[in-house]
Amino acid sequence: MSDKKKERIDIHEYLAQFDDIPGTRVFTAQRARKGYNLNQFAMSLMKEENRKRFLADESAYLDEWNLTPAAKQAVLDRDYNAMIDEGGNVYFLSKLFSTDGKSFQFAAGSMTGMTQEEYAEMMLKGGRKPDGVRSIKGGY
Amino acid sequence: MARVTTGITTSHIPALGAAIQTGKTGDDYWSPVFEGYQPIRDWIKQPGNMPDVVVLVYNDHASAFDMNIIPTFAIGCAESFKPADEGWGPRPVPDVIGHPDLAWHIAQSLILDDFDMTILNQMDVDHGCTVPLSMIFGEPEEWPCKVIPFPVNVVTYPPPSGRRCFNLGDSIKAAIESFPEDLNVHVWGTGGMSHQLQGPRAGLINKEFDLNFIDQLIKDPETLSKMPHIEYLREAGSEGIELVMWLIMRGALGDKVKDLYTFYHIPASNTALGALILQPEETAGEALEPRKIMSGHSLSAAA
């Protein structure tokens, strides 16, 4: 056996670790599958004509994408945490907040439960410290 | 023969592009960032430093690739690449001009070296590729060198391991060094440093992790390359995983490097930003003066 084979990673252990990070949803295959239609909808907003059509009648546009009711509602509410629960990924969803003329800082801040001002202030002061938010089980 | 003379790391966050586009590079918030890049902009214009070609390692942010195609390692072999429309219209920057001869040579060499590359003959490039060019070259009418875009999947799990990235860099170096034309080639690793853009933990910054990462990248990349994904995620935030791409750059520089310049700043929007110039020790030039710049909140004492 080559060295490469000896270093093989156990996929179940690898994936299980991701559930141990507080306030974080890693974009695993499971999430990618769940969010396929939601993410593809977001990608469609890379075209100006689609952005116009979406903004003119959001609900009708969303009905073209075979979304779950929860995913559709999350988009209408611009609830980015809920969209991520539905399998959305922030880089795909960036097409949605860009369509709204919003920044990554706006979208990220909106997911923290803080106001935009509080979030901006936290970042200016050095960001969120990792202490206590590395591991749920480990509590460190 | 072609040679890898230099490795550069840089952030690629879209807010930097927006700051340039809206004329905010001199304001209180952004000026420390652009001042930190100025020595790199000056250095690269010095005789001998301007690359003929940059192999630009970055991640596509759901622009060229949607959920239908997710290549782990890909290489742009086209004549040119247009800036992508990421939802607010394409960035108003020049087209990226490729180097198909070298790109195809690297692609073939890597495949023979057991890296099964995806070859891209048509692709738009997003902020991951064009913001680094803006940060290093400013706002020229045309980019001053050829660029081979090298997208790496760090979005859909699992991304490649640090180890795999480091070894890939070594294979890129060998590929470049077997190209018969005399070319000054840079390998740039982009993205990072610590940041998280999603969920209640968004806004995570880990200065200690970042500074250790820089230190180890320079001195002991072999050990650094063994860091598992979970450690990046816990310590550097969910989007901090982009740092595996820096190991591709580092792998392309050989065993020992000289750090010509290090810039570290907190915060650039949601992220901690790191920009380095590294060169293989045996052919390294003079370090910049000052050699290290920290700014923004990175200067404050550790809690």
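Labels below follow one simple rule: chain letters A, B, ... track the order of the sequence lines, proteins then strands, and each chain is numbered from 1.
Within 6.0 Å of the CD1 atom in A:I9, the count of heavy atoms belonging to other residues, nucleotides or ligands does not exceed 12. Other residues, nucleotides and ligands contribute at most 12 non-hydrogen atoms within 6.0 Å of the CD atom of A:Q30.
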Kindly indicate, with the supporting measurements, whether the criterion side-chain contact (heavy atoms from CB on, under 4.5 Å) is fulfilled by A:V90 and B:E239. CA-CA 10 Å; A:V90 71; B:E239 278 62 46; 4.1 Å; yes
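Ring geometry for B:Y157 against A:F18 counts as perpendicular: the plane angle is over 60°, on a 0 to 90° scale with 30° as the lower cut.
Once rounded to the nearest 0.5 Å, the distance linking NE2 of B:H195 with CZ of A:R128 reads 14.5 Å.
If you tally non-hydrogen atom pairs under 4.5 Å between each of B:N68, B:D60, B:I266 and chain A, the highest count goes to B:N68. Note: B:V155 leads B:D126, B:V155, B:I70 in heavy-atom pairs under 4.5 Å with chain A. Per-residue heavy-atom pair counts under 4.5 Å with chain A were compared for B:Y29, B:W88, B:F209, and the maximum is reached by B:W88. Of all the listed residues (B:E86, B:M67, B:E208), the one sharing the greatest number of non-hydrogen pairs under 4.5 Å with chain A is B:M67.
Although no hydrogens or angles enter the test, the distance criterion places a donor-acceptor pair under 3.5 Å between the side chain of B:H297 and the main chain of A:K125.
Listed here is the closest heavy atom pair of B:F65 and A:M43: O-CE, 3.9 Å. For A:K95 against B:A62, the heavy-atom pair with the smallest separation is NZ-O, 2.7 Å. Here the closest non-hydrogen pair linking A:M123 and B:T271 is CE-N, 4.5 Å. Of all heavy-atom pairs between A:Y91 and B:N59, the closest is CE1-ND2, 4.4 Å.
The interface of residues 12-25 of chain B with chain A, defined by heavy-atom distances below 4.5 Å, comprises B:P14. At a heavy-atom separation below 4.5 angstrom, chain A is approached by B:H229, B:I230, B:L233, B:R234, B:E235, B:S238 within residues 222-238 of chain B. Within residues 197-206 of chain B, the residues having any heavy atom under 4.5 Å from a heavy atom of chain A are, by residue number, B:L197, B:Q198, B:G199, B:P200, B:R201, B:A202, B:G203, B:L204, B:I205, B:N206.
In this view, A:D100 and A:R78 satisfy the salt bridge (Lys or Arg N to Asp or Glu O under 4.0 Å) rule, not counting sequence neighbours.
Only the side chain of A:Y140 comes within less than 4.5 Å of a heavy atom in chain B; its backbone stays farther off. Both the backbone and the side chain of B:S63 come within contact range of chain A, each with at least one heavy atom under 4.5 Å from a heavy atom of that chain. Of the two parts of B:P158, the backbone and the side chain both hold a non-hydrogen atom closer than 4.5 Å to a non-hydrogen atom of chain A. With a 4.5 angstrom heavy-atom cutoff, A:F92 touches chain B via backbone and side-chain atoms both. Contact annotation for A:I84: only side-chain heavy atoms (C-beta onward) come within less than 4.5 Å of a heavy atom of chain B. In this structure, chain B has heavy atoms under 4.5 Å from both the backbone and the side chain of A:M46. For chain B, the nearby parts of A:T99 are the backbone and the side chain; heavy atoms of each come within less than 4.5 Å. A:F97 does not touch chain B: none of its heavy atoms, backbone or side chain, sits under 4.5 Å away.
Salt bridge status for A:R51 with B:D85: present, with a side-chain N to carboxylate O gap under 4.0 Å.
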